[in-house]
There are 2 protein chains.
Amino acid sequence: MSTGWDRRRELTRADILHAAWTLCRDRGLAGLSMRDLAVEVGLRAPSLYSYFASKSEIYDAMFADGQRALLEMTAARAEPPSGREGLRSTTAAFVSFCVAEPVRYQLLFQRPIPGFVPSETSYGLALEFYRTYTADMERIGVTDQRLLDLWSALVTGLTDQQVSNDPGGDRWISLLDEAVDMFCGHARLLGEPVTTT
Amino acid sequence: MSTGWDRRRELTRADILHAAWTLCRDRGLAGLSMRDLAVEVGLRAPSLYSYFASKSEIYDAMFADGQRALLEMTAARAEPPSGREGLRSTTAAFVSFCVAEPVRYQLLFQRPIPGFVPSETSYGLALEFYRTYTADMERIGVTDQRLLDLWSALVTGLTDQQVSNDPGGDRWISLLDEAVDMFCGHARLLGEPVTTT
DNA sequence: GTCTATATTTGGATAGAC
DNA sequence: GTCTATCCAAATATAGAC
């Protein structure tokens, strides 16, 4: 019966992962080093290799961690209503998730680590989110690929500008309702405008 | 009369810069190393320091180089007409510029080099472009800050998605006209739709 | 599993001869 | 200005004792 052992091991792994997120928040994703990580978690660098085979594996675990958080956030929400309000609330949830942890956002949606490629299983989580996302969008009433692409560009653009140029502020997230109305007006989605112009 | 000398020096500097761009196109911005750069240009690493005081100065020169190219591209264009068509042509020129050289786009508009901050004079070039850009937008008819921000998010979103997820293709740039119409419909800018829906 | 010690690599930068 | 030789620092990863 090695469950106690495995459990302890899992706990330490989680501890390392937690410390990795903390370090990355401070010094950026690329600033993570095995030495510092070991110090943060109260070990020496070589000991980390008992838990992760390489630094890349740590990034991969962080990637999976972030994707799981995103999936959980999505799953915790009620099914979005169709039309404008569904789009608004779904997108607001997504953008909040991204803006809340800029480093996580960078790891999941940009490619800031040269040479890092998510493992097959981690990438599977990303695909799973993408499926639920498109399913939501379909229910909301956006099915055309061009419209999906246009909307994804708008959402990532807002998120990116917010994270890059006004971290901690709301200069771009505050435009979300207006973006929804602009898009829905164009796509002729049902519902009344959310913003009052 | 040291013009011949200075000229030769300028030529070598330009050669180094050219090689730097080439290397970055291959291995990414962060992948640039003084050793490889020296080899590429036919020198040894220490010799580079006769032309640039540090690696950071090389990045800075590249940044200035890119900003100048952007300014030249802008200056070469006729004054944009007002309204929808002005927005369309101005934005198309900008996005083309970005997509043509993804590495240059990253250096100018993202922060991919940890610790790199443009020098005062280089940043001045960026400010100069920003001024001409906002002046253009004003002439086009977009003056409200919120609308400017919304449009900037949309443009950078399209550019980013194109560069990141469909390099060499046109999946997102092909949506530009539609984006213009969507935005102008929302902002109630003059002119007829460009796309036929 | 954890440690000390170390190998290995890489890359920026400098000293000093020519 | 360019070179050889070298320094220095950082960082991943491994070997082997305990």
Side-chain angles (χ1 to χ4, degrees), chain A residues 1-24 26-63 107 112-117 119, chain B residues 1-24 26-63 107 112-117 119:
Chain A
M1 122 179 176
S2 59
T3 47
W5 248 69
D6 287 1
R7 201 181 114 75
R8 174 124 188 78
R9 187 186 160 80
E10 257 341 281
L11 282 177
T12 307
R13 273 180 65 104
D15 193 25
I16 292 171
L17 228 47
H18 180 77
W21 282 116
T22 303
L23 280 181
C24 286
D26 281 5
R27 316 180 1 186
L29 277 172
L32 182 67
S33 87
M34 300 297 271
R35 285 195 198 330
D36 298 346
L37 179 54
V39 168
E40 179 82 10
V41 81
L43 288 175
R44 305 302 169 110
S47 304
L48 297 177
Y49 291 86
S50 297
Y51 298 94
F52 296 93
S54 67
K55 186 182 175 183
S56 184
E57 245 189 39
I58 293 183
Y59 280 128
D60 193 55
M62 294 171 74
F63 183 89
L107 181 59
I113 313 290
F116 166 65
V117 185
S119 66
Chain B
M1 136 178 167
S2 59
T3 46
W5 248 68
D6 288 1
R7 199 179 115 75
R8 175 125 187 77
R9 186 184 162 79
E10 256 344 280
L11 281 177
T12 307
R13 273 181 65 103
D15 193 25
I16 293 170
L17 229 48
H18 180 77
W21 282 117
T22 303
L23 280 181
C24 286
D26 281 5
R27 300 132 83 140
L29 277 173
L32 181 66
S33 87
M34 299 298 272
R35 282 183 186 3
D36 296 347
L37 178 54
V39 168
E40 179 80 13
V41 79
L43 289 175
R44 303 303 169 109
S47 305
L48 296 177
Y49 290 86
S50 298
Y51 297 93
F52 296 93
S54 67
K55 185 182 176 183
S56 183
E57 244 188 39
I58 293 181
Y59 280 129
D60 193 55
M62 293 171 75
F63 182 89
L107 180 60
I113 314 290
F116 166 65
V117 185
S119 66

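Each chain gets a letter, A, B and so on, in the order the sequences are listed, and its residues count up from 1.
Axis angle across the helix from C:dG1-D:dC18 to C:dC18-D:dG1, with five pairs used at each end and values rounded to 10°: 10°.
Per the geometry, CZ belonging to B:R13 stands 15 Å off C1' belonging to D:dG1, to the nearest Å. What separates CG of A:L43 from C1' of C:dG1 is a distance of 9 Å, to the nearest Å. Protein atom CZ of A:R7 is 18 Å distant from nucleotide atom C1' of C:dG1, rounded to whole Å. Look at CZ on B:R44: it is 14 Å from C1' on D:dG1, rounded to the nearest Å. Summarising the geometry, the separation between CD1 on B:I113 and P on C:dG11 is reported as 14 Å, rounded to the nearest angstrom. In this structure, CZ of B:R8 is placed 9 Å from P of D:dG1, rounded to the nearest angstrom. In this structure, A:L29 places its CG atom 15 Å from P of D:dA11, rounding to the nearest Å. Taking atom CG of residue A:L48 and atom C1' of nucleotide D:dT12, one finds them 11 Å apart after rounding to whole Å.
In this structure, A:L32 reaches the sugar-phosphate backbone alone: every heavy-atom distance under 4.0 Å involves primed, P, OP1 or OP2 atoms, never a base. Contacts of A:R9 with the nucleic acid, taken as non-hydrogen atoms under 4.0 Å apart, involve only primed sugar atoms and P, OP1 or OP2. At a threshold of 4.0 angstrom between heavy atoms, the contacts of A:S47 include nucleobase atoms, whether or not backbone atoms are also involved.
Pairs of residues two or more places apart, or lying in two chains, that qualify as side-chain hydrogen bond (donor to acceptor under 3.5 Å, both in side chains) and include a residue from residues 26-53 of chain A are A:R27-A:D36, A:S33-A:D36.
For B:Y59 against B:A30, the heavy-atom pair with the smallest separation is OH-CA, 4.0 Å. The nearest pair of heavy atoms linking A:A45 to A:A38 is N-CB, 3.3 Å. Pairing each heavy atom of B:F52 with each of B:A61, the nearest pair is CE2-CB, 3.9 Å. Across all non-hydrogen atoms, the minimal contact from B:M34 to B:L48 is O-CD1, 3.4 Å. Listed here is the closest heavy atom pair of B:L37 and B:A20: CD1-N, 3.5 Å.
Distance check, rounded to the nearest 0.5 Å: CD1 of A:I113 to CE of A:M62 gives 8.0 Å. Here the CZ-CG distance, from A:R13 to A:L17, works out to 7.5 Å after rounding to the nearest 0.5 Å. Interatomic distance, B:T12 OG1 to B:R7 CZ, rounded to the nearest 0.5 Å: 10.5 Å.
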Summarise protein proximity over nucleotides 13-18 of chain C in one line of letters, 5' to 3': B for base, S for sugar-phosphate only, - for none, counting protein heavy atoms closer than 4.0 Å. BB----
